[in-house]
Amino acid sequence: MTQRPIAIMWFRNDLRLADNPALRAAVKWASEHDGAVLPVFILDPVIDGQLGGATRWWLEKSVSALAQGIDGLAAKSPTKTPSLRLFHGDAHGVLETIIGSCNVKAVFWNRLYDKPSTERDTDIKSALSDRGLTCESFKANLLFEPWEVKTGNGTDFKVYSPFWRACQKFPPPRTPIAAPDTIALCDADLGDEVSLSALDLGPKPFDWAGGLAERFTPGEQGAKDQLFDFIDDRLVDYADLRDRPDRRVTSELSPHLRFGEISPYQVWHSANHYADAHPAQGKTASKFMSELGWREFAHHILFHAKDLRSVPLQGQFAHFPWSEDQDALERWQKGQTGFPIVDAGMRELWHTGYMHNRVRMIVGSVLVKHLLIHWRAGLAWFDDTLVDACPANNAFSWQWIGGCGADAAPYFRIFNPVLQGEKFDPAGDYVRQWVPELRDMPEQYIHKPWEASPLILKAAGVRLGTDYPEPVIGVKEGRERALSAYQDMKQAAS
DNA sequence: TGGTGCTTCGG
DNA sequence: CGAAGCACC
């Protein structure tokens with residue numbers, strides 16, 4: 001008897017069953033052709049090259065959750081083999097091998113927007129199409145394709161506000177698609193399959209990820225729980241308190257969106273539904289939705305940029321006199337700068353794989369301005385430590401804070417880490433949580449312990465320079481040094 | 001989604 | 001003399 005025709009569902013950054021257009025297409029194709037679906041995940045050099053320690057940890061958990069989810073659907077139809085097939089190696093080669101070993105007639109996936117992925121996918125699509133396979137990709141991970149949104153002149157956007165305004169002129173994002181009720185799975189034996197542990201994603205040489213697991217639950221269910229908890233409990237306060245790291249009202253959905261455990265369509269519609277049900281809360285809902293807009297904008301910029309990770313969008317920054325101060329970089333990484341709000345953020349990052357967005361801006365500003373260290377060093381550190389590090393948001397945001405990006409904070413706009421701390425962590429609760437050696441400092445000095453008198457320091461049990469460092473550079477001195485470096489750059493560029 | 005230093009103005 | 005407005009970085 002002839003083998004049933006097979007549709008491959010190629011999972012990448014869309015590790016979910018609900019609102020997954022490629023998966024829906026694969027299931028539909030299989031039912032129309034009396035065939036079966038073969039779900040695969042391939043750890044290829046492109047994906048591997050974009051992973052850091054924290055995202056590797058997340059990916060392992062997320063792939064595991066996805067496999068269990070597919071198992072749950074497949075339980076309704078008879079199968080003995082594993083539901084999600086895992087592979088390690090070049091994606092094109094792996095797909096060719098699978099196609100050669102069973103009756104594959106179609107391949108489906110959801111689109112990505114970074115250069116290595118789009119080049120890989122373009123090659124694969126043309127090769128498979130040439131051989132007569134049905135090969136289709138879908139819009140799933142963005143509300144608006146980077147090439148759909150254009151200025152009046154037909155060019156891509158460089159400024160956020162008009163970009164997001166232009167997005168609003170499109171029909172509203174489509175309604176999310178339900179997860180399939182059941183999947184007819186291919187049960188063919190394939191060569192070259194590997195186990196999840198063989199992908200070697202987990203923490204090494206010891207399990208350092210306890211703090212990450214405590215804060216997050218990777219996987220589709222964890223993403224849904226996070227979204228609904230946010231909508232039910234925190235969205236009401238979002239507009240007013242979103243900049244307060246001590247209050248924890250943000251959604252913390254970024255890592256779930258990073259791996260596509262939830263789609264921006266699901267997030268958008270949840271917020272939109274909330275706004276409809278609570279007309280008085282329209283402002284906070286649209287503020288939250290505009291943050292989805294920043295995510296869209298970052299992908300828009302990534303898609304159109306030459307190399308967002310390393311080439312400043314504003315060319316004159318190629319002449320910036322960056323510092324090579326390795327000691328200062330290490331103090332920043334370890335949360336030992338002597339600026340309490342910075343050290344709290346860097347330690348939160350190390351411990352949990354996450355940092356509040358306001359604090360990201362502060363630590364970023366201090367690195368590229370007070371310390372004069374290249375934003376690429378900050379980008380590299382965040383890539384390795386953040387659970388939500390992605391090619392679009394991370395590179396875009398570092399160019400933004402570096403002053404060299406699209407619609408960026410001008411370089412001369414320098415955050416004062418003391419004032420930022422006092423404004424957004426007024427009681428110092430956030431600092432006290434992550435910098436326990438300052439726990440007993442009075443509110444007045446919690447963000448500037450170096451200004452406290454010896455008596456006050458002694459009462460708080462802090463020996464400056466021993467228990468907690470002196471600032472790595474003076475706030476004012478760092479500001480002036482940065483402004484003068486900026487002048488030097490403009491001189492050199494002219 | 002800045003900070004600083006200066007001026008002006010009301011108390 | 002502090003708040004508010006402004007120019008410049």
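All chains are named by letter (A, B, ...) in the order of the sequence lines, taking the proteins before the strands, and each is independently numbered beginning at 1.
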Practice task
Ignoring backbone atoms, test whether A:Gln420 places a side-chain nitrogen or oxygen under 4.0 Å from the OP1 or OP2 oxygen of B:dG3.
Solution key: yes
Under the side-chain contact (heavy atoms from CB on, under 4.5 Å) test, residues paired with [X] that sit two or more places apart:
X        : answer
A:Glu451 : A:Tyr445, A:Lys448
A:Glu437 : A:Arg347, A:Val435, A:Tyr468
A:Arg432 : A:Asp429, A:Glu443, A:Ile446

Problem - Results of salt bridge (charged side-chain N to carboxylate O under 4.0 Å, His left out) for A:Asp44 - residues two or more places apart only - result: A:Arg120
I'd like a table of atom pairs between the protein and nucleotides 4-7 of chain B - only N or O on both sides, under 3.5 Å - with the distance next to each one.
residue: B:dT4; atom: OP1; partner: A:Asn416; partner atom: ND2; Å: 3.2

Nearest whole Å is fine: how far is [N] [atom2] from [X] [atom1]?
X        : N     : atom1 : atom2 : answer
A:Ile401 : B:dG3 : CD1   : P     : 11 Å
A:Arg481 : C:dC9 : CZ    : C1'   : 17 Å
A:Lys490 : C:dC9 : NZ    : P     : 8 Å
A:Tyr160 : B:dT1 : OH    : C1'   : 11 Å
A:Phe412 : B:dG3 : CZ    : P     : 13 Å
A:Phe288 : B:dT1 : CZ    : P     : 19 Å
A:Arg413 : C:dA7 : CZ    : C1'   : 14 Å
A:Tyr238 : B:dT1 : OH    : P     : 13 Å

Practice task
Before accepting this row, confirm whether a basic side-chain N of the pair A:Arg16/A:Asp14 lies closer than 4.0 Å to the acidic partner's carboxylate O.
Solution key: no
Handout entry: With sequence neighbours excluded, residues passing ring-ring contact (aromatic ring centres under 6.0 Å, His included) with A:Phe163
Key = A:Phe157, A:Phe297, A:His300
